[in-house]
K.L.:
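Sharing a structure with you now.
Note that ligands are numbered from 1 as they come in the structure, with each ligand's atoms numbered from 1 the same way. Just so it is clear, the model here is predicted, and its values are computed rather than measured.
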Amino acid sequence: MRSYTLIAPAKINLHLEIIGDRPDGYHELVMILQSIDLADEIYLQASDTDTIHVRCNHPEVPVDKSNIAYKAAALMATEFPTAYGKYGGVNITINKRIPVAAGLAGGSTNAAAVLVGIDLLWKLGLTQSELEELGAQLGSDVPFCIAGGTAIATGRGEQLSPLPSLDNIYIVLAKYRSLAISTPWAYKTYREQFGDTYLRDTDSLSARAAAIHSGPIVQAILHKDATEIAQKLHNDLERVVLPAYPQVLQLRETYASTGVLGTMMSGSGPSVFAICESQQQAEQVKLRIRETIPDEDLELFVTRMISHGIQVASSV
Ligand code: C5P
């Protein structure tokens with residue numbers, strides 16, 4: 001096979017809790033990550049040269065070495081020099097549908113697709129955990145994006161514990177096109193404002209991370225009950241993002257007024273999602289939001305939770 005087309009789904013956070021600092025400057029997190037049906041398409045093609053080349057249909061996505069998909073291919077070339085020598089470089093084409101800088105892991109899922117695709121292109125036969133270890137070198141959300149579905153993520157976000165999958169729960173997702181929030185800014189501001197509440201010792205951190213397994217959101221997921229899940233949504237980063245970005249707060253409030261089951265910002269924002277009773281309700285909510293906020297800058301999607309991460313769509 002000389003080319004692969006891969007589907008790279010976005011994620012939302014059903015739970016995001018910041019529990020402490022890490023010696024590497026990151027935060028200790030307890031999260032529940034959920035794949036959704038909104039996805040980018042990644043086309044990987046073996047190149048006749050030894051270069052890595054990125055193309056993307058979205059004008060705001062860089063196509064140079066700073067693109068995380070480029071970094072993923074470069075990491076594979078460094079880790080597997082013999083295969084790189086044998087098979088050559090790779091052309092990466094990203095068909096972007098996931099809003100960028102939105103808290104939806106759009107870049108991370110592209111990197112995950114490149115790791116999975118090059119593993120196939122170069123016939124490496126890597127295991128899921130080997131791919132996840134490579135992913136962790138690229139970004140905290142990359143390991144989750146590989147297998148996707150529903151999972152508890154702890155540590156930096158790279159330590160995964162899968163949960164039973166949630167299929168066919170419909171959500172509406174909203175994001176202002178021109179609004180981008182820097183993830184480092186969100187975490188830094190949180191540390192400045194709430195750092196004094198962080199747990200300091202290893203035992204307390206481990207106990208807090210372990211507590212999620214028997215916590216109410218996991219119980220709701222085990223019951224596969226959309227209403228219960230929607231009532232237990234949590235995101236600590238809302239404490240810094242909502243006061244600083246009135247548009248995000250307005251979205252949260254507008255959703256709540258439409259009678260959705262529950263609503264929350266995803267990751268470091270600014271995208272906000274709402275859990276709905278059905279696809280029909282999700283379509284109605286989308287229309288209501290559009291009527292209430294008739295701003296063309298606001299992108300709205302009806303999508304649903306899915307049970308998988310990167311998938312191969314075709315190979316030639
Ligand atoms: O790992 P990733 O590159 O996605 O993280 C982006 C930024 O988010 C980091 O540079 C850091 O500022 C913040 N972050 C953090 N703690 C984490 C994950 C991310 O502070 N566990």
Side-chain angles (χ1 to χ4, degrees), residues 8-35 40 60-62 64-75 94 98-115 131-148 151-161 180-200 202 204-206 208-210 212 234-241 244-245 265-271 309-310:
K11 65 89 184 143
I12 54 171
N13 295 76
L14 301 179
H15 184 90
L16 192 163
E17 202 183 334
I18 300 173
I19 61 172
D21 261 326
R22 292 168 56 90
D24 59 11
Y26 281 64
H27 286 87
E28 284 288 341
L29 304 177
V30 182
M31 300 191 287
I32 295 179
L33 302 174
Q34 173 64 55
S35 300
D40 291 343
E60 280 161 42
V61 174
D64 61 7
K65 290 183 179 181
S66 67
N67 188 305
I68 191 169
Y70 181 100
K71 290 182 189 169
L75 176 67
I94 303 169
I98 304 170
V100 299
L104 298 171
S108 300
T109 192
N110 293 174
V114 169
L115 297 179
L131 287 166
E132 286 174 0
E133 265 174 50
L134 290 164
Q137 296 180 45
L138 297 161
S140 310
D141 289 338
V142 180
F144 168 75
C145 291
I146 293 168
I152 295 172
T154 54
R156 245 175 73 208
E158 87 292 9
Q159 288 168 29
L160 301 171
S161 169
I181 294 180
S182 147
T183 304
W185 170 84
Y187 279 100
K188 185 171 127 301
T189 309
Y190 193 90
R191 183 186 278 123
E192 281 162 11
Q193 292 185 16
F194 304 106
D196 55 344
T197 64
Y198 287 1
L199 299 174
R200 305 274 164 214
T202 324
S204 312
L205 286 164
S206 314
R208 178 71 75 86
I212 188 79
H234 179 85
N235 185 345
D236 273 339
L237 288 174
E238 283 201 340
R239 297 170 78 186
V240 292
V241 175
Y245 291 89
M265 184 179 81
S266 183
S268 55
S271 66
I310 306 303

K.L.:
Would you say Q159 and P143 make side-chain contact, with heavy atoms under 4.5 Å?
P.N.:
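Q159 does not reach P143 side chain to side chain.
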
K.L.:
Is there a side-chain contact between N235 and V241 in this structure, where contact means two heavy atoms from C-beta onward sitting under 4.5 Å apart?
P.N.:
no

K.L.:
Taking NZ, NE, NH1 and NH2 as the nitrogens, is one of them in R208 or E17 under 4.0 Å from a carboxylate oxygen of the other?
P.N.:
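The answer is yes: the pair qualifies as a salt bridge.
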
K.L.:
Go ahead and list the nitrogen or oxygen contacts between ligand 1 and the protein that come in under 3.5 Å, distances to 0.1 Å, or just say none.
P.N.:
unit_1: ligand 1; atom_1: 1 (O); unit_2: S140; atom_2: N; d: 2.9
unit_1: ligand 1; atom_1: 1 (O); unit_2: S140; atom_2: OG; d: 2.6
unit_1: ligand 1; atom_1: 16 (N); unit_2: H27; atom_2: N; d: 2.8
unit_1: ligand 1; atom_1: 20 (O); unit_2: H27; atom_2: ND1; d: 2.8
unit_1: ligand 1; atom_1: 21 (N); unit_2: H27; atom_2: O; d: 2.9
unit_1: ligand 1; atom_1: 21 (N); unit_2: R156; atom_2: O; d: 2.9

K.L.:
So M31 and D141, do their side chains get closer than 4.5 Å, heavy atoms only?
P.N.:
yes

K.L.:
Judged by atom type as modelled, is there a donor-acceptor pair below 3.5 Å linking the side chain of E238 to the main-chain atoms of M265?
P.N.:
yes

K.L.:
State, yes or no, whether a side-chain contact exists between L115 and I310 at a heavy-atom distance under 4.5 Å.
P.N.:
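Contact flag for L115/I310 side chains = no.
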
